Amino acid sequence: MYCINCGVKLSDTEKSCPLCGTVPYHPDLVRTEADSLYPKNKYPKTKKVSRIGIMIAVSLIAVLPVIITLLCDLQINGRVSWSAYVIGAVLAGYISFVLPYWFKKPNPVVFVSLFFVMSGLYLLYVNLITNGDWFLSFAFPTTGAFGLIVTAVVTLTYYLKRGRLFIFGGAFILLGGYMPLMELFLSITFGTKFIWWSLYPMIPLTVLGLTLIFLGATPSARESMERKFFL
Ligand SMILES: [Zn+2]
């Protein structure tokens, strides 16, 4: 049977033409049960792989370097020495990058903040085992401030869905302000001179941030930008 509208060949079981939607109907034609000539979906679904299976495989891959480094370290030094860095890094990486995927719908707010918490803990750990004194006056405030800015951006864009230009504009301005702060903590901790090199990244970041906020506040300017850059 053929479609009376577009002429495409139809299977006898077809209830309507897959191309133009015309209903083929002939009172004398007996409809038989047969396979459709065309697949129902344009792109048939591929076989689903088990998420849990992948998660278990990835977890095993993460455990492997831990065991190997631990064994090597114990063989060579007779105690846990440098393997502590590797184990700490693998653990921190696993918790921040792999753990979220055990959940069906990982919430980016949770795993971005988790990533910064884990980075902070890892730095603290390295600081403690090396008897350093740079954690409290440098690593903690700089990682913490950066983590807060990134987590705020992720949280706002995830829940608000609108006002992206204001969110990113604000974030760039905060990042600009973060630069002298980082230079300050560097000079406190490592005794480097405070020479305001931080102004060089700070100025363009602030300008970029203000531009985004300006574009967000003036729809006409935003439209002409979108037209110019085919956004
Ligand atoms: Zn047709």
Side-chain angles (χ1 to χ4, degrees), residues 1-64 93-116 149-173 175 205 207-231:
M1 140 176 110
Y2 295 90
C3 174
I4 52 155
N5 184 42
C6 66
V8 75
K9 192 175 197 301
L10 301 176
S11 127
D12 287 347
T13 57
E14 214 75 71
K15 299 280 188 287
S16 66
C17 168
L19 270 189
C20 67
T22 305
V23 179
Y25 177 71
H26 193 282
D28 298 337
L29 197 73
V30 184
R31 289 184 187 275
T32 52
E33 290 301 316
D35 279 340
S36 165
L37 276 181
Y38 310 95
K40 281 269 181 303
N41 297 330
K42 209 172 174 189
Y43 303 104
K45 263 187 193 160
T46 44
K47 219 180 156 196
K48 247 188 148 183
V49 270
S50 151
R51 196 171 48 90
I52 299 296
I54 294 176
M55 292 311 297
I56 292 172
V58 170
S59 306
L60 287 177
I61 292 169
V63 168
L64 203 68
Y94 184 87
I95 291 176
S96 37
F97 294 116
V98 184
L99 194 68
Y101 292 99
W102 280 103
F103 301 94
K104 264 219 170 79
K105 276 186 186 163
N107 182 337
V109 175
V110 174
F111 70 86
V112 166
S113 42
L114 201 62
F115 166 74
F116 284 104
I149 295 174
V150 175
T151 308
V153 169
V154 171
T155 311
L156 289 173
T157 49
Y158 184 68
Y159 288 109
L160 285 184
K161 312 278 181 207
R162 285 182 61 83
R164 298 260 156 105
L165 285 170
F166 293 104
I167 298 167
F168 285 106
F172 279 120
I173 293 173
L175 271 181
L205 281 169
V207 171
L208 183 63
L210 290 173
T211 311
L212 290 180
I213 289 175
F214 168 74
L215 285 177
T218 43
S220 55
R222 192 169 63 233
E223 273 162 28
S224 79
M225 282 288 283
E226 282 168 351
R227 243 173 284 136
K228 253 181 206 148
F229 296 103
F230 305 103
L231 293 174

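For the numbers below, each heavy atom of this structure counts, side chains included, while hydrogens, waters and symmetry mates do not. Small disclaimer: the values here were computed from a predicted structure and weren't measured. We count ligands from 1, going down the list as the structure has it; atoms in each ligand are counted the same way.
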In the shown structure, where waters are left out, how many protein N, O or S atoms lie under 2.8 Å from the Zn ion (ligand 1)? 4
How close do Val98 and Met55 get, heavy atom to heavy atom, and via which atoms? O-CE, 3.4 Å
Got a sec, which residues hit side chain to side chain donor-acceptor pair (under 3.5 Å) with Tyr94, two or more places apart in sequence or on another chain? Ser59, Trp102
Side-chain atoms of residues 208-223: list all donor-acceptor pairs with protein atoms under 3.5 Å, sequence neighbours left out, distances to 0.1 Å.
from, atom 1, to, atom 2, distance (Å)
Thr211, OG1, Val207, O, 2.6
Thr218, OG1, Phe214, O, 2.6
Arg222, NH1, Leu215, O, 3.4
Arg222, NH1, Gly216, O, 3.1

Extract all donor-acceptor atom pairs below 3.5 Å that involve side chains of residues 165-172 and protein atoms in other chains or at least two apart in sequence.
none

Phe111 and its side-chain contact (heavy atoms from CB on, under 4.5 Å) partner, picked from Tyr101, Phe97, Phe103: Tyr101
Leu10 side chain near Pro18 side chain, heavy-atom distance below 4.5 Å: yes
